[in-house]
K.L.:
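Okay, here's the structure, questions in a sec.
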Amino acid sequence: MRLLLMSDTHLPKRAKRLPQPLLDEVSRADVVFHAGDWVDADTLDLLESRSRRLVAVYGNNDGPALRARLPEVAYADLGGLRFGVIHETGPAQGREARCAQRFPDLDVLVFGHSHIPWDTTAPTGLRLLNPGSPTDRRRQPHCTYMTVTLTGGRIDEVDLHRLPRR
């Protein structure tokens, strides 16, 4: 099973549209995750129309229209693993322990907000993944997204994809 992870698209403030390499991944993914800060509902409409399955949440920059359509936390059982999605997890220091305590039944937590790619595992085994942002690199060298491959009830591969500078 192939998963596509993105967050913090901030359209149309940070870019006019999603980058083409990311859109190409949508059609290849079995499940698309978006960890919030869409800013516009058009991007949600686009991903809903193109995704086989979309698991998504709202972020702190998302207004009432998006909050009416999306939860703060979303869950999905995929390939024998329990996934959760949330926008904010708080400061980097202590993140693993904090998230493991808040989400004891999850295998993987996808999050956003910082625009900083993140891939760690808590002592409890909870895997934390932040795909960064495909449209607003902030202090990072590249805009990014992630793909994840699940095989036999486990994460087989996590790839961070760097997008070319605009």
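Along the sequence shown, residues are numbered consecutively beginning with 1. Just so it is clear, the model here is predicted, and its values are computed rather than measured.
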K.L.:
Who pairs with L22 by side-chain contact (heavy atoms from CB on, under 4.5 Å), at least two apart in sequence or on another chain?
P.N.:
L4, M6, L18, P19, P134, Y145

K.L.:
Thinking salt bridges, do E48 and R69 make one under a 4.0 Å N-O criterion?
P.N.:
yes

K.L.:
Salt bridge check, D30 against R52: does any charged N sit closer than 4.0 Å to a carboxylate O?
P.N.:
yes

K.L.:
So, for E25 and T147, which heavy atoms are closest and what is the spacing to 0.1 Å?
P.N.:
OE1-CG2, 3.7 Å

K.L.:
Test of understanding: with side chain to side chain donor-acceptor pair (under 3.5 Å), list the residues that count as partners of N61, not counting sequence neighbours.
P.N.:
D37

K.L.:
Between the side chains of N130 and S114, does any donor sit under 3.5 Å from an acceptor?
P.N.:
yes

K.L.:
In plain terms, say whether D77 and R82 are close enough for a salt bridge, that is, a side-chain N and a carboxylate O under 4.0 Å apart.
P.N.:
yes

K.L.:
Side chains of S133 and D136: any donor to acceptor distance under 3.5 Å?
P.N.:
no

K.L.:
Out of F111, F33, F103, which one pairs with F83 under the ring pair (Phe, Tyr, Trp, His ring centres under 6.0 Å) rule?
P.N.:
F33

K.L.:
For the aromatic rings, using the six-membered ring if either is Trp, is the centroid distance between H10 and H115 under 6.0 Å?
P.N.:
yes

K.L.:
Do D62 side-chain atoms and W38 backbone N/O form a donor-acceptor pair below 3.5 Å?
P.N.:
yes

K.L.:
Give me the atom names and distance for the closest heavy-atom approach of S7 to P131.
P.N.:
N-CG, 3.8 Å

